[in-house]
2 protein chains.
Amino acid sequence: MATYQEPDGWEILGDPSRRAIVECLAVGPRAVGELADELPISRPAVSQHLRLLKDAGLVEDEAAGTRRVYRLNPAGVAALRDQLDMFWRRTLQGFQEIVGEEDEEKS
Amino acid sequence: MATYQEPDGWEILGDPSRRAIVECLAVGPRAVGELADELPISRPAVSQHLRLLKDAGLVEDEAAGTRRVYRLNPAGVAALRDQLDMFWRRTLQGFQEIVGEEDEEKS
DNA sequence: CGGCTCGGTAAGTCGTAGCTTACGGTTCGT
DNA sequence: ACGAACCGTAAGCTACGACTTACCGAGCCG
């Protein structure tokens, strides 16, 4: 029942387009139009995704004349990675017990 | 452009309900009804999620009388974890370069 | 100053994932 | 053999997220 509720960094990377954007920015900083050229979606769509990524602290933006250059935010990326790792820890933790006692029925 | 397309183990865990199910099963094997009791969704909903999880190789089912007990599949979980790790590797790899050059420019 | 590029925002459409209710099939107990 | 418990599947609805087009502001250049 426990009504799961978390900040959910998962839904940020749940979208393929956003993952693609992150991977692009991992290669190097890009402007919005440049990202749109490398992706199969329109420029406004990229803009919307960037907004979410920025709110999540994953990317930073910097005005460069009429353009706006986006880059990954190290701290944000690390934080999100840790958050996802927490899930795996919780999962794999109780998981080892199962594997170990698989033959044995009760403890 | 590059029309990203992958088997996407991400969408499997993208749903909160499925993550909750996985965490429950990490604690120990459960029947479908038991899972439904611990989650804020109906039993059929759980059943549908279990179907996806099973297709993804994350869980295994075993008939026990009129009940059906589900448990995590070690190999499947490990495989998916590796798959997600690949994303982080690709991201953090080109990422270090950026971080490295960033210090030189600014401080 | 005009015209141009670049980018954010609004409004609206569309697809689809997730949920529920309803039904049918198995299996166990009595 | 009848009823109950347990589960999967079908059908349908609803909500939300992703995308597009259209519009407007902001900065550069002639």
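So that the names make sense, note that chain A is the first sequence line, chain B the second, and so on, each numbered from 1. Every heavy atom of this structure was used, including side-chain atoms; hydrogens, water molecules and symmetry mates were not.
- Across S17(B) and L39(B), no two heavy atoms sit closer than the pair O-CD1, 4.5 Å.
- Between the P atom of dG8(D) and the CG atom of D55(B) lies a distance of 13 Å, rounded to the nearest Å.
- Considering only side-chain N and O atoms, R51(A) lies under 4.0 angstrom from the phosphate OP1 or OP2 of dT9(C).
- With dC7(D), dG7(C), dT20(C) as the choices, the nucleotide that has an atom nearest any side-chain atom of S42(B) turns out to be dT20(C).
- Put simply, CZ on R67(A) is 15 Å from C1' on dC4(C), counting in whole angstrom units.
- Note: CD (E62(B)) to C1' (dC6(D)) measures 16 Å, nearest angstrom.
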Base-contact (B) and sugar-phosphate-only (S) positions in nucleotides 22-29 of chain D, heavy-atom cut-off under 4.0 Å, - elsewhere
B----SS-
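- Distance, R68(B) CZ to dT26(C) P: 12 Å, rounded to whole Å.
- The phosphate of dC6(D) (OP1 or OP2) has no side-chain N or O of Y70(B) nearer than 4.0 angstrom.
- The shortest non-hydrogen separation linking G14(B) to R19(B) is O-NH1, 3.3 Å.
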Pick out the pairs of N or O atoms, protein on one side and nucleotides 14-18 of chain D on the other, that lie under 3.5 Å.
{"from": "dA18(D)", "atom 1": "OP1", "to": "R18(A)", "atom 2": "NH2", "distance (Å)": "2.9"}
{"from": "dA18(D)", "atom 1": "OP2", "to": "R18(A)", "atom 2": "NH1", "distance (Å)": "3.4"}

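- The one candidate from E38(A), H49(A), R30(A) that meets the side chain to side chain contact (heavy atoms under 4.5 Å, CB included) condition with I21(A) is H49(A).
- Put simply, the residue from L53(A), V46(A), L50(A), L58(A) that forms a side chain to side chain contact (heavy atoms under 4.5 Å, CB included) with R18(A) is L53(A).
- Residues that satisfy the side chain to side chain donor-acceptor pair (under 3.5 Å) test with Q48(A), not counting sequence neighbours, are absent from this structure.
- For K54(A) and dG7(C), the NZ to P distance is 14 Å, given to the nearest whole Å.
- Cluster membership check: L52(A) does not share its hydrophobic cluster with L13(A), using side-chain heavy-atom separations under 4.5 Å among Ile, Leu, Val, Met, Phe, Trp and Tyr.
- Here A31(B) lies in heavy-atom contact (under 4.0 Å) with sugar-phosphate atoms only.
- In this entry the distance linking CG of L39(A) with C1' of dT20(D) reads 16 Å, nearest Å.
- Residue L13(B) contributes atom CG, which lies 16 Å from atom P of dA17(C) at whole-angstrom precision.
- Rounded to whole Å, the distance from CG on L35(A) to C1' on dG8(C) is 15 Å.
- In terms of heavy atoms, L72(B) sits closest to V22(B) at CD1-O, 3.9 Å.
- Pairing each heavy atom of G9(A) with each of L80(A), the nearest pair is O-CD1, 3.8 Å.
- Put simply, L84(B) and I12(B) are part of the same group of oily side chains (I, L, V, M, F, W, Y) that touch within less than 4.5 Å, one to the next.
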